[in-house]
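Count residues from 1 along the sequence. The analysis underlying the following values was restricted to heavy atoms, covering all of them including side chains, and did not include hydrogens, waters or symmetry mates.
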Amino acid sequence: MAEDTKGLAERGNEIFERLVRPQVDAEEDAQKYVAIDTEPEDFEVDRDALSAVDRLEERHSDVRGRIWLRRVGSRAAHHFGGRFLSDAFD
């Protein structure tokens, strides 16, 4: 894995724990996507990942390459083959 991707993951997860988790309801927002812009520490929550990313892009036109995506109640946004995508970063 590229070092810049690992850094993005670490930064995104740190922002999620510090800023996002206190503002979401684990039951009401369960499985919603959280798109995090790691530079200004801004985020969007939505049932649709693309909608969350689109709203971030509306506010921050230079957001590409610094978005970390995950779900409320999960360590990752998606999983493949029985492994969580975020397992690669542990």
Q: Is Arg70 close to Phe16 at the side-chain level, that is, under 4.5 Å between some pair of heavy atoms?
A: yes
Q: Taking side chain as C-beta onward, heavy atoms only, is Val34 less than 4.5 Å from Arg71?
A: no
Q: How far apart are the C-alpha atoms of His60 and Glu39, what are their side-chain angles, what is the distance that settles it, and do they pass the side chain to side chain contact (heavy atoms under 4.5 Å, CB included) test?
A: CA-CA 10 Å; His60 308 283; Glu39 288 300 313; over 6 Å; no
Q: Looking at every heavy atom in both Val72 and Ala26, which two are closest together, and how far apart are they?
A: CG1-CA, 4.4 Å
Q: Does Arg66 offer a backbone N or O that forms a donor-acceptor pair with the side chain of Thr38 under 3.5 Å?
A: yes
Q: With a 4.5 Å cut-off on side-chain heavy atoms, are Leu8 and Glu10 touching?
A: no
Q: Report yes or no: does Asp29 contribute a side-chain atom to a donor-acceptor pair with the main-chain N or O of Lys32 at less than 3.5 Å?
A: no
Q: With a 4.5 Å cut-off on side-chain heavy atoms, are Leu69 and Tyr33 touching?
A: yes
Q: Could you pull out all residues at least two apart from Glu57 that satisfy side-chain contact (heavy atoms from CB on, under 4.5 Å)?
A: Val53, Asp54, Val63, Arg64
Q: Could you tell me whether the side chain of Ile67 reaches within less than 4.5 Å of the side chain of Ile36, counting heavy atoms only?
A: no
Q: Quick one: does Arg55's side chain have a donor or acceptor within less than 3.5 Å of a partner on Ala35's backbone?
A: no
Q: Under the side-chain contact (heavy atoms from CB on, under 4.5 Å) rule, collect the residues that match up with Gln23, sequence neighbours excluded.
A: Phe43
Q: Got a sec: does the CZ of Arg18 have more than 12 other heavy atoms crowding it under 6.0 Å?
A: yes
Q: Looking only at heavy atoms, which two atoms of Glu41 and Arg11 are closest? And how far apart?
A: OE2-NH2, 2.5 Å
Q: Taking atom CZ of Arg21 and atom CG of Leu19, what is their separation to the nearest 0.5 Å?
A: 12.0 Å
